[in-house]
Amino acid sequence: MESIPGILYGLSVVLTPTNLFYCFMGCFIGTMVGVLPGIGPAPAVALLLPITFRLDPTGAMIMLAGIFYGAMFGGSTTSILVNIPGEAASVVTCLDGYQMARKGRAGPALGMSAFGSFIAGTLCVIGLMFLAPLLAEAALRFGPPEYFTLMVLAMTLITYLSRGLMVKALAMAALGLLLAAVGMDPINSKPRFDYGILSLQQGLNLIPIIMGLFGIAEVVSNLGVLVDRSIFKTKIKSLLPNWADWKASILPVTRGTILGFFMGILPGIGPVVPTFVSYGLEKKISKHPEKFGTGVIEGVAAPEACNNATSVSNFVPMLSLGIPTNVFMAILLGAMMIYGIQPGPLLIKEHPDLFWGLVSSMYIGNAMLLVLNLPLIPMWVQLLKVPYAYLGPMILLFCLIGSYTMDHNLADVGIMVIFGGIGVLMRIFNYEPAPLVLGLVLGDMMEDAFRQSLILSRGSHFIFFTRPISGVLLTAALLVLVVGLFRLRPPKRLREEPG
Amino acid sequence: MTMDRKDRFSGIFLLVLSGYVLFESRRLGLGYLYKPGPGLFPFLAGGAIGVLALILLYQTGWAKKGGKEPEAIISWRGTLLSFLFLIVYISLLETLGFIPTTFLFIAALLRIVERKGWGPSILTAVLASLVAFGLFGIILEGDLPPGLLGFLAG
């Protein structure tokens, strides 16, 4: 479907009371999650996935997407008011945003952050609208070997840009692939690694694992530890930036948008790195670089626009190719498979209502966020005052209910708690959960593509090199591996937040 | 434990794990390259883990590390108790029912782990279990186990 009729079709899908409501819920929950430090969009979505099973896939995806870009919006609130980033992507906003708040200019900082994010988000949805179908079209020429190597490249990129040692991230990714193999072999239907346990024969369920690794592990590690959070006591007078603010911000917002959009398309980049690049860029080309860090509005507007831009463009590979760019997209991918939707280049053709509905919902979602954030900011600030001692147990309870109500199977809850334990161990030994989730989600697809490729080539593993596209992708992946493994540390000091 | 010793420990663990996976995968059958068996992919994944574990051990043992990794701050008491309560929750959920089990869980967490007073703990536990049941059990039709309070559910 062409883009313009596509969008009109999408709007007809979204502009129903139910879908609008889901969009609103997504944005609302997303903002809330973004405001609360310690819980990110990935665990939040994992907690909500069981509930979304009652919804139709389009509605569910609209809501889940809303949580993602909503969280980017919300993260800036705490950065500006409390100097605590709600999301890793909002770390940069703390630099000038908090300083502006200290000078009594919290309002314009918050306002410009919201407006900048809105502009960026809207422009990027337009980009997504045109780019995704093009990519999908190109990818239809991909065969199993190209798929396999593309997934390998995505995994190496994501592990390259993870915090800590790349070796560990790769090991977790491989472990994820292994866990994906537990259960029935897709081709021969023989059970693998099941040890005679019925629950394992059906394979490991993605959701309890994610809830365990992110939700349970996070809360359980934090309970009993005293954390001090003092909220900046400031009166927010007016949320509207003045004319001078707009003049100063409009070009930074544009630059941030373009930067964020293109960087967000690549797997593994995530929202953190682009925001730092954006801030650095603005500082370099500014006429008054020395003022950065003291509270200049460009230091807020550009990174905020940038992180919203990445949150939209992150969807491009996922929707057009079925390749996740970060852990959140991996979870969405897993969710789609559970809903019975096969991700990949045929998604747009086979499920136009889902794709165009989702894209249209992003326009509406961005507008909702703008309207939501500004008046509700005092409320979000109140939310921050709930002590973690009470919030933590509630999150645990949420996880328990969520995993139980999926199938009314205590085994799922058990798996969740076990992976919660694994998650805590991973924290202690400094391993990240995100690559593991990635491996788990991609595992079945990768194995499928791998075996089909071998069958195609009649056993020759050279097929991955001899086919041109596949060869290029594989070479790129090998390069990333070599550079990452033997350089000990990726070049940038700051990396993607796993979840 | 210092970071290096932790890495050595986890590296050895991964190495052992990888060895086990390689063994199990061969048992499942690797098949032939033109007709891959069920064990092939796990074998490769397990092998990768083994190689990576070796690289990790090499990097911690001989090579100079690039820098310090962030240390996790954990309260052992809090963490272990929380796990204990989670396990108890799972064991009691279907026998006692949702509301009583949730009440005990929240109260235990607040009183014992977070060391809040009896008042706030009990009050929050009551509110949480009732609200959760109302929201997830009734409104969202989650079908939560009634257990001992089954006569109330009607």
Side-chain angles (χ1 to χ4, degrees), chain A residues 51 54 163-165 167-168 170-171 174-175 177-178 181 185 187-188 190 192-193 216 219-225 389-390 392-394 396-398 400-401 404-405 408 410 413-414 417 420-421 424 427-431 439 443 446-447 450-451 454-455 457-461 485 487-489, chain B residues 3 6-7 9-10 14 17 21 24 28 32-42 45-46 48-49 52-53 55-56 59 63-67 69-75 77-79 81-83 86-87 89-90 93-94 102 105-106 109-110 113-114 116 124 128 132 136 140 142-144:
Chain A
I51 301 179
R54 284 155 221 293
R163 287 195 297 229
L165 294 178
V167 191
K168 289 173 156 182
L170 277 173
L175 187 61
L177 289 177
L178 200 59
D185 171 6
I187 299 188
N188 317 33
K190 264 172 72 177
R192 298 188 287 192
F193 296 105
I216 306 269
V219 173
V220 161
S221 316
N222 288 333
L223 284 181
V225 176
Y390 290 94
M394 297 306 142
L396 284 181
L397 182 62
F398 217 85
L400 287 166
I401 298 176
Y404 182 74
T405 50
H408 292 95
L410 280 178
V413 189
V417 175
V424 172
R427 263 156 220 274
I428 297 175
F429 287 95
N430 254 293
Y431 283 85
M446 273 182 92
E447 176 168 16
F450 183 70
R451 286 164 92 165
L454 285 181
I455 293 175
S457 69
R458 283 182 261 269
S460 161
H461 44 270
L485 283 176
R487 221 175 125 171
L488 294 178
R489 263 194 151 206
Chain B
M3 205 53 233
K6 282 191 200 174
D7 279 351
F9 190 78
S10 58
L14 286 175
L17 179 71
V21 170
E24 268 292 309
L28 282 172
Y32 307 96
L33 266 185
Y34 58 83
K35 193 172 179 281
L40 183 65
F41 204 68
I49 296 180
L52 290 164
I55 297 179
L56 179 68
Q59 283 181 342
K64 251 197 352 207
K65 280 192 48 147
E69 283 179 317
E71 292 281 329
I73 312 167
I74 287 187
S75 149
R77 179 184 176 273
T79 310
L81 278 176
S82 305
F83 271 114
L86 281 167
I87 295 172
Y89 188 92
I90 298 178
L93 179 64
E94 288 189 333
T102 306
F105 178 69
I106 302 281
L109 276 176
L110 287 175
V113 177
E114 289 293 334
K116 299 287 174 193
T124 315
F136 293 100
L140 290 174
D143 208 10
L144 299 169

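Computed from a predicted model, the values in this text were never measured in an experiment. Within every chain, numbering begins at 1; the chains are lettered A, B, ... in the order of the sequence lines, protein sequences first and strands thereafter.
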If you look at every heavy atom in [X] and [Y], which pair is closest and at what distance?
X: A:Y431; Y: B:S10; value: OH-OG, 2.9 Å
X: A:L178; Y: B:G46; value: CD1-N, 4.3 Å
X: B:L109; Y: A:P393; value: CD1-CB, 3.8 Å

Exercise for the section: With sequence neighbours excluded, tell me which residues meet ring-ring contact (aromatic ring centres under 6.0 Å, His included) with B:F105. Expected result: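 Per chain and number, B:F105 pairs via ring-ring contact (aromatic ring centres under 6.0 Å, His included) with B:Y89.
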Where on [X] is there a heavy atom nearer than 4.5 Å to chain A: the side chain, the backbone, both, or neither?
X: B:L28; answer: both
X: B:L56; answer: both
X: B:L17; answer: side chain

Exercise for the section: Using a cut-off of under 4.5 Å on heavy-atom pairs, state which of A:G414, A:G443, A:G421 scores highest against chain B. Expected result: A:G421
Completion exercise
Given A:L170, A:L410, A:L175, A:V413, the one with more heavy-atom pairs under 4.5 angstrom with chain B than any other is A:L410
Exercise for the section: Tell me, out of B:G39, B:P42, B:A53, B:A48, who's got the most heavy-atom pairs with chain A below 4.5 Å. Expected result: B:P42
Practice task
Look at B:I55, B:T102, B:L52 and state which one has the largest set of heavy-atom pairs under 4.5 Å with chain A.
Solution key: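 Answer, by heavy-atom pair count under 4.5 Å with chain A: B:L52.
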Practice task
Over 60° means perpendicular and under 30° means parallel, so classify the ring planes of B:F9 and A:F429, tilted if in between.
Solution key: parallel
Problem - Candidates A:V220, A:V219, A:V424, A:I216 - the one meeting side-chain contact (heavy atoms from CB on, under 4.5 Å) with B:S82 - result: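 Among the candidates, only A:V220 passes.
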Handout entry: Toward chain B, the part of A:I401 with a non-hydrogen atom under 4.5 Å
Key = side chain
Practice task
Examine whether an atom of A:A181 lies under 4.5 Å from a heavy atom of chain B, and if so say whether it belongs to the side chain, the backbone or both; otherwise answer neither.
Solution key: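 Side chain only.
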Problem - side-chain contact (heavy atoms from CB on, under 4.5 Å) involving A:M394 - partner list, sequence neighbours excluded - result: B:I106, B:T124, B:A128
Nearest 0.5 angstrom please: [X] [atom1] to [Y] [atom2], how far?
X: B:K6; Y: A:N430; atom1: NZ; atom2: CG; result: 6.5 Å
X: A:I428; Y: B:T79; atom1: CD1; atom2: OG1; result: 7.5 Å
X: A:L400; Y: B:L93; atom1: CG; atom2: CG; result: 8.0 Å

